[in-house]
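Written out below as structure tokens is the structure these notes cover.
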Amino acid sequence: MVNRAQHTSDAEAFALRRGCGGLFFCLMVIAAAMTGSALGVFIWVLDEAKATISAVEDFRPRIGSKMYAADGELLGELTTEQRQLVPLSSMPLYLPKAFVATEDDKFYQHKGVRLDAILNAALYIAQTGRVRGGSTITQQIVRNIETTDVGKEVTFQRKIREALIALQLERKFTKDEILEMYLNQLFLGISALGVEAASLQYFNKSCTELTLGESAMLAGVARLPNRQEPFNHPENALARRNIVLRQMLENGFITQEEHDAALAESLEESVVTPEERAQLAAEGKEHWSPNKFKAPYFARDVRLTVLRMLDEDEVFGNGYEIHTTLDMDLQRAAEEVLLSALDAFDEQKLEDLRKQGKEEEFVPVSGALVCLDNRPGFKGWVRAMIGGRDFETEKFNIATQARRQPGSSIKPFVWAAALEHGMSPSTIVVDAPFAMIDPAGNRWAPKNFTPEFAGPVSLRVALEKSINIVSIKLVREIGMPFVRSYYQRAGITTPIDNVVGLTIALGTPDVKIIDQTVAYSTFANGGMRYDPIMITTIRDRDGFTRYDYRSYARKRRAMPENIAYVMTYLLEGVAQWGTGSRSAALERPRAGKTGTTNENRNVWFCGFTPQFTCVVWIGYKDNRSLGRGRAYTGGRIACPIWTDFMVRAHEGLPVEDFEVPDEGVEFHNVDRATGLAGGSFREAFIEGTKPPTEIPRFAVGDRIEEVPDHLLLQDL
């Protein structure tokens, strides 16, 4: 019995030992599995950390492309994010210290993670049920850079991953590098990313110019940006600023005197409100406003050109520097002169309409101005451009998009074609009434602006007086296709259909204002056509040149050099004694031509000096008449505007005369009124031509056998 009981007891003990061993084995397996899993997760997190570090190293925050005038003045920025990058070394010392004091006062002591801050945050969450940040500046970078793919969800797993990656980040970058990334990346309310964008947004100045109080305010915004920004929550912004100043003092970052002085700063006076910013923008004093540009019509065309050349995403996020040809001194002069003239015109027009009881018919007049450089090394550079009165309400650029009839401003190209056809400034043409009958029996009798006819008249006098009949007879003599080819070779890009017929003599084909400016610049440039240049270079953020205008600039011969000079000599007469005589205030060699279309719908002055070519156009967008009579002609409205601008444009420049070609031109003394040889006026001729000695006999009753399909302009 004893043996059996002993055997039973031994068996039970064996079974128990066997069971415990199995349990221990299972526990060991589970522990090993958990350890292996944890190790695997840890290794995975480390691998992820390495990938994240690479993402941070490769990270390039999206920054817009900046557009600059020729002298380096910032015109504006093309961007989808309001961010500006500034190196830490350029910031005032108290700016980064303000952020460190309020966001991570042990930043320069820890290795990327603060356990005490994490435990305090966890305790706060347990006690209040509300989330409070316990992240270091390094951890904030890890989660705020999109390419790290860490995310911002409030989970334990993400926090562990964020902490491990932050530890790795601290081993890869210096503290200053991390702080610089942080200050250029964090969101600071409204639409500002980074301290520079925030400084411009709130104070209208660079962060390099911030005071201690202003720096503390920016740092105070960081915690809850849209609740503590100063535009809509000035009390919160002020309270947070004062807290940050106290934290800076407690951490020994500033002295008591500095603290007290910063506390006394008026936040209300420092902050530039949106309303004040709008006023500064109107005065041209705003430092920076994303996608808002100085010279907006010019900038619009530059933007469209850049987007045709480069990828849109790169333009708005890759930080290109776009350098343009614009001269802001000339641009400001153009805006002041043109817009004040348009205001004065509107004021007078409104007064006239009130007297007639037609005040409801008033609409603002429109205008445009383009100025090109003629100087060596800058030929074809667009120096000023106005395409309308208010870009905010009217984006359509009249200077480059609108098509308008040039009126008599086309006549210099008719005369140039006549010179190449063998005529001269002294060629006599009869200005007398005539009519034409078409096959259907319709009668057309073109007129001059005034009812008088001059009879036999030289081409010089006919151009100075802008005589329509002479222009028509020249086109009839040399042929419309020849005149058209001259005009188009000079720079007119709009089509000119055969249907215009003889009416091309009076400027019926529609042209663009920018094209008309290019065309006139061919006279100033000795017959060479230089296509307009708005962009000189485009460089990426690494300094590599992506575009250089010198690789694309085009010039071509539009007309012989001697013809260009003789035409310039004739147009000097227009500016001195003819319809452009109101340009006399420029007091230097100048040449140009007026233009006024039928019923005074469009008025022009197109002129140039050796230094600049400028075209001014005035009219209504709906093509209504400006008014009746001589007061509404190119000579009375457009020419004074051109003159006032050119006086400003030439300030400080030497007085230069137009250069005579080395060959192809000869001078003869003539009677300036008749063009006959033997007078005291020194006239320029194409080599091989000379003035007549007597007025030839003419048959006055001329008859034209072909007729245009539409009404001819009566033009001055």
Side-chain angles (χ1 to χ4, degrees), residues 68-73 295 298 302 305 322-331 333-334 369-385 412-413 416 489-491 514-538 545 547-572 575 583 586-593 606-615 642 645-665 684:
Y68 296 94
D71 65 353
E73 181 174 341
F298 175 87
V302 169
T305 302
I322 304 164
H323 296 269
T324 73
T325 59
L326 195 74
D327 184 319
M328 276 306 298
D329 288 337
L330 269 62
Q331 178 68 24
L369 181 152
V370 176
C371 176
L372 298 180
D373 207 320
N374 302 330
R375 294 171 294 179
F378 308 104
K379 292 181 182 293
W381 286 30
V382 178
R383 293 304 198 177
M385 176 185 288
F413 302 94
R489 288 202 309 272
I514 184 73
D515 289 353
Q516 188 78 337
T517 314
V518 172
Y520 266 78
S521 73
T522 62
F523 296 126
N525 291 316
M528 295 298 298
R529 166 184 164 184
Y530 292 84
D531 288 346
I533 299 167
M534 296 187 187
I535 303 170
T536 54
T537 59
I538 300 175
T545 299
Y547 171 84
D548 189 321
Y549 84 98
R550 288 170 293 190
S551 300
Y552 303 91
R554 297 196 305 170
K555 68 175 182 178
R556 69 205 74 177
R557 174 65 61 186
M559 65 185 73
E561 184 180 15
N562 57 349
I563 289 178
Y565 176 77
V566 172
M567 277 310 309
T568 297
Y569 202 73
L570 287 169
L571 290 171
E572 284 187 89
S583 65
L586 185 54
E587 296 182 340
R588 63 173 63 219
R590 64 200 181 279
K593 183 70 182 73
C606 313
F608 54 94
T609 66
Q611 290 98 335
F612 298 111
T613 298
C614 177
V615 168
W642 181 93
F645 166 73
M646 292 292 266
V647 167
R648 297 274 296 275
H650 287 79
E651 288 177 356
L653 295 181
V655 175
E656 296 180 9
D657 209 338
F658 294 103
E659 187 175 347
V660 182
D662 293 333
E663 56 185 25
V665 174

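Since the model is a prediction, treat every value here as computed from it, not as a measurement. Every heavy atom of this structure was used, including side-chain atoms; hydrogens, water molecules and symmetry mates were not.
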Do the non-hydrogen side-chain atoms of [X] and [Y] ever get within less than 4.5 Å of each other?
| X | Y | answer |
| --- | --- | --- |
| Arg556 | Asp531 | yes |
| Trp381 | Tyr549 | yes |
| Arg557 | Met528 | yes |
| Thr536 | Thr325 | yes |
| His650 | Arg588 | yes |

In short, salt bridge (charged side-chain N to carboxylate O under 4.0 Å, His left out) pairs touching residues 652-662 with sequence neighbours left out are none
- Item | Under 3.5 Å: donor-acceptor pair, side chain of Lys555, backbone of Arg529 |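 The answer is no, because no donor-acceptor pair under 3.5 Å joins these two groups.
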Go through it in stages, so that I can follow the logic: the residues are Trp642 and Leu369, the test is side chain to side chain contact (heavy atoms under 4.5 Å, CB included), and I'd like the CA-CA distance, side-chain angles, deciding distance and then a yes or no.
CA-CA 8 Å; Trp642 181 93; Leu369 181 152; over 6 Å; no
Say you draw a straight line from [atom1] of [X] to [atom2] of [Y]; how long is it, rounded to the nearest 0.5 Å?
| X | Y | atom1 | atom2 | value |
| --- | --- | --- | --- | --- |
| Ile322 | Tyr547 | CD1 | OH | 11.5 Å |
| Leu571 | Phe523 | CG | CZ | 6.0 Å |
| Phe645 | Cys371 | CZ | SG | 4.0 Å |
| Asp548 | Ile535 | CG | CD1 | 11.5 Å |
| Glu73 | Thr324 | CD | OG1 | 10.0 Å |
| Phe608 | Thr522 | CZ | OG1 | 8.0 Å |

Take Thr305 and Met534 through the side chain to side chain contact (heavy atoms under 4.5 Å, CB included) test and state the conclusion after the steps. CA-CA 9 Å; Thr305 302; Met534 296 187 187; 5.6 Å; no
For residues [X] and [Y], report the shortest heavy-atom separation together with the two atoms involved.
| X | Y | result |
| --- | --- | --- |
| Arg489 | Ala558 | NE-O, 3.2 Å |
| Ala684 | Val566 | O-CG1, 3.8 Å |
| Thr609 | Pro589 | CG2-O, 3.6 Å |
| Ser521 | Val518 | OG-O, 2.6 Å |
| Ala575 | Ala591 | CB-CA, 4.3 Å |
| Gly380 | Leu372 | O-CD2, 3.9 Å |

Carefully, step by step, assess Asp329 and Arg648 under the rule salt bridge (Lys or Arg N to Asp or Glu O under 4.0 Å). CA-CA 9 Å; Asp329 288 337; Arg648 297 274 296 275; over 6 Å; no
Checklist line | CA sep, side-chain torsions, deciding dist, call: Tyr520, Phe413, side chain to side chain contact (heavy atoms under 4.5 Å, CB included) | finding: CA-CA 9 Å; Tyr520 266 78; Phe413 302 94; 3.8 Å; yes
By side chain to side chain contact (heavy atoms under 4.5 Å, CB included), Arg375 pairs with (sequence neighbours left out) Asp373, Phe378, Arg383, Gln611, Phe612, Leu653
